[in-house]
Amino acid sequence: MEIFTIDRQNVIVGIRPIERDDQFAMYASEVASMGRAVAKVRRGSGAARVVARTLLAHLGFPSMPIVKTRSGVPIWPPGIVGSLAHHDTVAAAAIAGTQRIASLGIDIEPNEPLPDNLIELIATPNEQRMYDLRLLKRRDLFVLKEAVYKAYFPLYHQFLEFQDVEIDITARLAHVSKANCTFALELLISKNVIGLAYSRPICGSPEPPDHHGLAIRNDATWCDRADDADRLGDQHHAAPVEGAEIVFPEDAVGPSRHTTAHFARTGQSFR
C-alpha cells in the first residue's frame with residue numbers, strides 16, 4: 001500500500017491494488033449496507049475500506065466498519081472526513097481531520113483515454129476552449145469532477161451534472177455554478193489518475209479539537225479557498241460520497257456508464 005499526504009499533510013491518501021479476497025475484508029454491517037452489489041463491486045469496496053482502515057489506524061483509531069447511510073454516504077468517526085474510490089484493479093481512500101478540512105472527495109481511474117464521445121458530456125464549453133484535445137481525451141477532468149461531487153454532496157445535498165462543475169487545472173480550483181462555491185483540487189498522474197477535491201471549514205468558526213494528531217499545523221491557512229463559507233453551514237462531520245468509475249459494462253452506475261449528463265443518483269453508486 002502506498003500512503004502519502006497532500007495540503008501540507010492535512011490530507012492522508014492511500015492506494016492499493018485490489019486483491020481477490022478483498023470482498024471478505026468487509027464487516028457484516030458493511031456487506032449489508034452494500035445491498036445487491038455484485039462481487040466485483042464488493043471486492044473494490046472491500047479494498048477501499050482496507051485502505052481507509054489502515055489510514056485511520058495511523059491516527060490511532062481501532063479497526064471499525066465504514067457503513068453507509070440510507071443515501072449511500074460512508075460514515076466516518078467523529079472528527080474525520082473521508083472518501084473512497086476504486087476502479088477495476090486499484091482502490092483508494094483519503095481522510096482528513098475536520099479542524100482543517102470540511103469536506104473531501106477522491107476518485108481514481110486507470111491512466112487511459114476516455115471512452116469515445118464523452119468529451120462534450122464531461123467538459124463544459126469553456127473547458128473545451130481552455131484545454132487542448134490531448135487533455136480533453138484524458139480522464140483528468142472526469143476524475144476531478146467525480147471528486148468534486150463527492151466533496152460537494154455532503155455539504156449541499158444536491159446532485160450535480162458534469163456541466164455544473166468547471167475545472168481550472170492550473171489554479172487547482174473547481175467552481176460549482178449551482179451553488180457558486182469553490183473547491184481546492186489535487187491531480188496525481190502515474191499509472192492511475194487520482195483526483196482530490198476538498199473545502200475548508202467556515203472562516204471564523206470555532207476550531208474543533210485536534211483529533212488523533214492529524215497534521216494540525218499552526219501555520220496552516222484557515223479557510224483557504226472557502227469562497228462560499230456561508231453555505232457550508234455546520235456540516236463539518238459530513239462524510240463524502242463514494243463514486244463511480246468509467247469502466248462500464250455490468251457494474252452500471254455512474255454518469256459515464258449511463259452515458260447521461262448526471263452523476264449517479266442512487267445509493268448503490270456510493271461505494
Side-chain angles (χ1 to χ4, degrees), residues 5-13 52 55 69 71 73-85 92-108 140-162 164-188 194-211 214-217 219-243 263 270:
T5 62
I6 64 168
D7 188 50
R8 291 176 294 182
Q9 302 183 357
N10 286 321
V11 179
I12 305 177
V13 181
L55 300 182
T69 66
S71 62
V73 178
I75 299 173
W76 300 92
I80 297 293
V81 290
S83 186
L84 309 172
I95 64 171
T98 54
Q99 184 169 8
R100 287 290 179 260
I101 304 296
S103 191
L104 174 64
I106 188 171
D107 197 54
I108 186 170
D140 302 9
L141 293 180
F142 177 90
V143 164
L144 289 170
K145 292 190 180 192
E146 287 282 316
V148 168
Y149 172 63
K150 298 174 191 180
Y152 175 91
F153 184 84
L155 299 175
Y156 295 88
H157 306 289
Q158 296 175 327
F159 295 107
L160 294 176
E161 299 187 8
F162 285 121
D164 291 325
V165 183
E166 192 151 282
I167 302 295
D168 187 331
I169 292 176
T170 302
R172 298 194 300 177
L173 293 173
H175 182 258
V176 180
S177 57
K178 181 178 283 190
N180 191 28
C181 63
T182 303
F183 291 85
L185 300 175
E186 297 287 345
L187 180 65
L188 309 168
I194 302 172
L196 292 112
Y198 54 95
S199 64
R200 308 278 186 193
I202 304 173
C203 296
S205 63
E207 297 189 20
D210 181 356
H211 291 284
L214 180 55
I216 304 302
R217 295 167 53 122
D219 62 344
T221 303
W222 183 241
C223 233
D224 282 357
R225 299 170 175 154
D227 294 347
D228 200 34
D230 59 325
R231 284 184 170 85
L232 296 183
D234 60 356
Q235 300 290 330
H236 293 200
H237 295 274
V241 178
E242 302 173 58
F263 288 97
F270 301 153

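Because only heavy atoms are used, hydrogens play no part in the values below, and waters and symmetry mates are left out as well, while side chains stay in.
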Which heavy atom of [X] sits nearest a heavy atom of [Y], and at what distance?
X	Y	value
Gly195	Ala147	O-CB, 3.5 Å
Ile106	Ser83	N-OG, 3.0 Å
Gly105	Ala151	N-CB, 3.7 Å
Asp107	Phe142	OD2-CE2, 4.1 Å
Ile80	Gly97	CD1-CA, 4.4 Å

Name of the residue among Asn180, Val165, Asp168 meeting side chain to side chain contact (heavy atoms under 4.5 Å, CB included) with His175: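 Output: one option passes, namely Asn180.
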
From Tyr149 atom OH to Glu161 atom CD, the distance as rounded to the nearest 0.5 Å: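 Rounded to the nearest 0.5 Å, the OH-CD separation comes to 11.5 Å.
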
Separation of Ser199 OG from Leu155 CG (nearest 0.5 Å):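 Interatomic distance, Leu155 CG to Ser199 OG, rounded to 0.5 Å: 5.0 Å.
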
Any side-chain heavy atom of [X] within less than 4.5 Å of one from [Y]?
X	Y	answer
Leu144	Leu187	yes
Val13	Thr5	no
Ile95	Val81	no
Val143	Ile194	no
Tyr156	Lys178	no
Phe183	Tyr152	yes

Aromatic ring proximity Phe159/Phe153, centre distance under 6.0 Å: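 Judged by ring-centre distance (under 6.0 Å), Phe159 and Phe153 do meet the cut-off.
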
Step-by-step side chain to side chain contact (heavy atoms under 4.5 Å, CB included) determination, Ile6 to Leu196: CA-CA 10 Å; Ile6 64 168; Leu196 292 112; 4.0 Å; yes

Residues Val11, Leu104; criterion side chain to side chain contact (heavy atoms under 4.5 Å, CB included); working and verdict: CA-CA 9 Å; Val11 179; Leu104 174 64; 4.1 Å; yes

Intermediate values then yes/no, side chain to side chain contact (heavy atoms under 4.5 Å, CB included), Asn10 and Arg200: CA-CA 11 Å; Asn10 286 321; Arg200 308 278 186 193; 4.1 Å; yes

Thr69 (side chain) donor-acceptor with Val73 (main chain) under 3.5 angstrom: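 Yes: the side chain of Thr69 pairs with the backbone of Val73.
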
Candidate pair Ile167 and Leu173, rule side chain to side chain contact (heavy atoms under 4.5 Å, CB included), full reasoning: CA-CA 6 Å; Ile167 302 295; Leu173 293 173; over 6 Å; no

